[in-house]
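Down below is the structure, laid out as structure tokens.
Remember, it's a predicted structure, so these values are computed and weren't measured experimentally.
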Amino acid sequence: MPPSAACCAAESTISPKALTVQYYALLREQAGRREEALTTSAPTPRELYAELAARYPFTLTPEVLRVAINGEFSEWSTPLAAGDAVVFIPPVAGG
Amino acid sequence: MPPSAACCAAESTISPKALTVQYYALLREQAGRREEALTTSAPTPRELYAELAARYPFTLTPEVLRVAINGEFSEWSTPLAAGDAVVFIPPVAGG
Amino acid sequence: MAAFRFSRTALDVAALRAELADPACGGYAAFEGWVRDHNEGERVRRLEYEAFEALAVREGERIIAAARERFGVAHALCAHRVGELGIGELAVWVGVSAAHRDEAFRACRFIIDEVKHRVPIWKKEHYVGGDSGWVNCERCAAPGAESGAHAHERSR
Amino acid sequence: MAAFRFSRTALDVAALRAELADPACGGYAAFEGWVRDHNEGERVRRLEYEAFEALAVREGERIIAAARERFGVAHALCAHRVGELGIGELAVWVGVSAAHRDEAFRACRFIIDEVKHRVPIWKKEHYVGGDSGWVNCERCAAPGAESGAHAHERSR
């Protein structure tokens, strides 16, 4: 799901920021890591996931994921800030 | 609930038989015993209960009781036989 | 061993639960009835349970067999105390194991509901004031309860 | 102590249950999820649980608070294992105590359903053949499941 043109135009004006991403379950396996620090210009988690999906062989589309920022469920459209801890949450299956 | 006239007419033709009655819970307290052996001409548990209710200060009417004969739930109209073990079952409240 | 049983001593929950273990089961539901310190506005000091055991075990076994058939659960057990119980003591335990949780929950609920309704067990509450009374079954106490086998007045 | 918690070691059911004891409570309902030896036609050898613990505890606490409010139960707890579990091991435990059994059962069921649906915990099945796979959540697997947050394909 590539960002729309409007969204990319906005994105280009956003300065790069340093943040961390944690991976769990299938995403952890497909990213080959539990966590990473990175610098991104992605304005929201949606663009960040697209950026990561271009780098790793992710098979889960954003439609089946949820996103958390700084330990709390968040929206895909929430603006990212420097220092954020972002987690993409695969479909859960506890119990 | 006294037996009806029809029932008493029938009853009088039935010969006395020896059986046992066990009492539980409130009936045990009101009868002042757990068990007794008695000889009765009552043709069914209904007449037997009426007979016992005339002897003991029972406060439970047959409508709220169930009856068991020889360790199994039974009908109030089941004919009694010599040697039967009869139990009148107050409303239950396990758990 | 019987699926429905009485005990004169404290129920051993861990031992009962262990009887339900099964590698094919993913769900286990349990219910415990504890002696509560109050009932219908009265402060309860202790309880006394009494059962017509021969018939109660037979009826309890029928309930458990019905639960296993109706809900398709693998294992189900019920154990009930008789005698004197203090506040907080475990009076009745029901455990069910099944492939999935839905049937385990439903069977467990069915068993305790039926046991309370059908099995010849009685309890007498002893109140803090020294008074005592045999407890009504729940369904009789409910407004609109059917008359017949289970309706009755508080008998104290 | 938190009403929702994770453990790296075997859950101590007796200790958890003891936390729910209350003389005002007459009903106790518990659920346990056990590692089953099969799932969707596959023979399972062991399971691996992983959680995003910080958020999971927060979400678990919200579920338990909602259950207490919605059903008026006195006490509720949930404990979940993480790490490697063998067949028959206890993966998740939910316990609820309340004045009466109806609310205890309903709250217990609500908690386990919500935990399975909302709390960021994942399990990977390792099959007898050596294969493995992350397990779908139940609701996604159901026909007609909503698309969106919980729909996904088996990901192995």
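- Both the backbone and the side chain of D/L20 have a heavy atom closer than 4.5 Å to some heavy atom of chain C.
- Top candidate by heavy-atom pairs under 4.5 Å with chain C, chosen from D/G33, D/G88, D/C25, is D/C25.
- Interface summary for chain C: among D/I112, D/V96, D/V94, D/L90, the most heavy-atom pairs under 4.5 angstrom belong to D/I112.
- Heavy atoms closer than 4.5 Å to chain C are found nowhere in D/A104, neither backbone nor side chain.
- The aromatic ring centroids of D/F31 and C/Y28 lie 6.0 Å or more from each other.
- A 6.0 Å sphere centred on CZ of C/R106 holds no more than 12 heavy atoms belonging to other residues, nucleotides or ligands.
- For D/R62, the CZ atom sits in a packed shell: over 12 heavy atoms of surrounding residues, nucleotides or ligands are nearer than 6.0 Å.
- Taking CZ of D/R101 as the start and SG of C/C108 as the end, the distance is 10.5 Å to the nearest 0.5 Å.
- Residue contact with chain C, scored on non-hydrogen atoms closer than 4.5 Å, involves the backbone and the side chain of D/A29 alike.
- When heavy atoms are compared at a cutoff of 4.5 Å, D/D22 approaches chain C solely by way of its backbone atoms N, CA, C and O.
- A heavy-atom distance below 4.5 Å is not found between the side chains of D/W34 and C/P23.
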